[in-house]
Structures are given as structure tokens and as C-alpha cells.
Amino acid sequence: QVQLVESGGGLVQAGGSLRLSCAASANIFRRNVMGWYRQAPGKQRELVETVTNDRSTNYADSGKGRFTISRDNARNTVYLQMNSLQSEDTAVYYCNIVILTFPTQNYWGQGTQVTVSS
């Protein structure tokens, strides 16, 4: 089991910023994809942004120009810097890692609430 611990969520005003952090409980030596998804009330979970161990990124248009993902492999930690937050960004943000072993391993954090007022 790999545990993912998220932090950094909270309540912000529109136009504000938050930085989310997600720390994995163990060193991940295999190829992997780590990042963030979000789920708003009544909606399906959707991609925000992910990054591989060799720092290839994948992201949704919703965060383009506003969100930046990064990772510290030595700390087994991924970050999501969110700027210019909008009300539609309000959601529970979930950290995820897919470890590309065979078979693959897929772990989720418990989520952190991001609420953007107005």
C-alpha cells in the first residue's frame, strides 16, 4: 500500500491562489504518473494535471495558464500551484499515483476541499 497525504486546500476568494501538496508514503522507484483530479458536486471526477517521474505533464484546458504541477522525486511529493482561482474551480481535489509495474498500481488520496468564493 502507498498512502497519499494531501494538504493545502481551503477557502479563497476569486482571483486568489492555493498550493496543494501530496506526499507519498514511500519512495517510488518505478515509472509512475502522479497528479491531481477534482470532483465538483454532481459532476464526474476530472483530470486537473499529472506529471510523470521524468516530468512529462498532462493537463486539462480548464487549468491552462493558471495551474502548474511540479514534483520532488526525492521527497515523493507532487505540488499543484493554482493561481487566478475561479468559482468553477471549487471541488474536492484528489491526489493520485499510478505506478507502472505489471500489473499497475493505482492509489488515491482522501481529497482536500478547495472552495473559491464568488
Side-chain angles (χ1 to χ4, degrees):
Q1 280 277 352
V2 175
Q3 294 182 343
L4 301 174
V5 180
E6 301 127 323
S7 63
L11 174 65
V12 297
Q13 295 180 341
S17 298
L18 286 173
R19 190 184 74 163
L20 305 183
S21 300
C22 174
S25 62
N27 289 328
I28 310 300
F29 297 105
R30 304 293 185 93
R31 292 183 298 122
N32 63 87
V33 184
M34 194 171 183
W36 297 91
Y37 294 75
R38 69 186 185 186
Q39 187 167 20
K43 297 183 179 180
Q44 295 183 349
R45 191 170 299 185
E46 65 180 19
L47 168 73
V48 179
E49 196 165 1
T50 61
V51 59
T52 66
N53 55 282
D54 57 357
R55 294 178 171 83
S56 177
T57 60
N58 185 36
Y59 55 89
D61 288 341
S62 59
K64 184 175 63 177
R66 302 185 299 123
F67 295 175
T68 302
I69 196 167
S70 61
R71 64 186 291 167
D72 184 340
N73 290 338
R75 289 180 172 268
N76 307 301
T77 301
V78 66
Y79 307 93
L80 183 68
Q81 179 67 45
M82 303 188 293
N83 299 326
S84 302
L85 284 163
Q86 305 165 10
S87 59
E88 54 263 38
D89 297 315
T90 295
V92 178
Y93 285 69
Y94 295 92
C95 183
N96 170 257
I97 184 167
V98 178
I99 304 172
L100 300 177
T101 51
F102 184 80
T104 60
Q105 302 173 65
N106 193 346
Y107 299 96
W108 291 91
Q110 295 188 24
T112 184
Q113 177 71 47
V114 171
T115 302
V116 184
S117 63
S118 183

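Each residue takes its place number in the sequence, starting with 1.
Y79 OH: more than 12 foreign heavy atoms inside a 6.0 Å radius. Atom CD of Q39 has more than 12 heavy atoms from other residues, nucleotides or ligands within 6.0 Å. With a 6.0 Å radius and a threshold of 12 heavy atoms from other residues, nucleotides or ligands, Q113 has its CD atom above the threshold. The neighbour count for E88 CD, taken as heavy atoms of other residues, nucleotides or ligands under 6.0 Å away, is above 12.
In this structure, CZ in R38 is found 5.5 Å from CZ in F67, a value given to the nearest 0.5 Å. Atoms CG and OG, on D89 and S62 in that order, are 7.0 Å from each other to the nearest 0.5 Å. C22 SG to W108 CH2: the interatomic distance, rounded to the nearest 0.5 Å, is 10.5 Å. One distance of note links NZ of K64 with CD of E49; it measures 12.5 Å at 0.5 Å rounding. The OG1 atom of T104 sits 11.5 Å away from atom CD1 of I97, with the distance rounded to the nearest 0.5 Å.
What you find for I99 and N32 is that their closest heavy atoms are CA-CB, 4.0 Å. Scanning all heavy atoms of the two residues, the minimum distance from L80 to V48 falls at CD2-CG1, 3.9 Å. When all heavy atoms are compared, the tightest approach of M34 to C95 is CE-SG, 4.2 Å. Of all heavy-atom pairs spanning L18 and G8, the tightest one is CD2-O, 3.6 Å. Closest non-hydrogen pair, R66 versus L85, comes out as NH1-CA, 3.9 Å. Minimum heavy-atom separation, N96 to Y107: ND2-O, 3.0 Å.
Proximity of a side-chain donor or acceptor of E6 to a complementary backbone N or O of G111 within less than 3.5 Å is detected. Put simply, the side chain of T57 never gets that close to the backbone of V51: no donor and acceptor are under 3.5 Å apart. A donor-acceptor pair under 3.5 Å is formed between the side chain of N73 and the backbone N or O of N53. Side-chain N or O atoms of R31 include none that pairs as donor or acceptor with a backbone N or O of D54 at under 3.5 Å.
Follow the hydrophobic side-chain contacts under 4.5 Å out from V78 and you never reach V98; the two are in separate clusters. No continuous path of hydrophobic side-chain contacts links Y59 to Y37 [ILVMFWY only; heavy atoms under 4.5 Å]. One hydrophobic cluster, built from ILVMFWY side chains closer than 4.5 Å, holds both M82 and V12.
Within the 4.5 Å cutoff, the side chain of Q81 has heavy atoms near those of the S17 side chain. Here the side chains of W36 and I69 are in contact, with some heavy-atom distance below 4.5 Å.
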For this session: Report the C-alpha separation of T50 and T52 in whole Å, then their side-chain angles, then the decisive distance to 0.1 Å, and conclude whether the side chain to side chain contact (heavy atoms under 4.5 Å, CB included) test is met.
Result: CA-CA 7 Å; T50 61; T52 66; over 6 Å; no
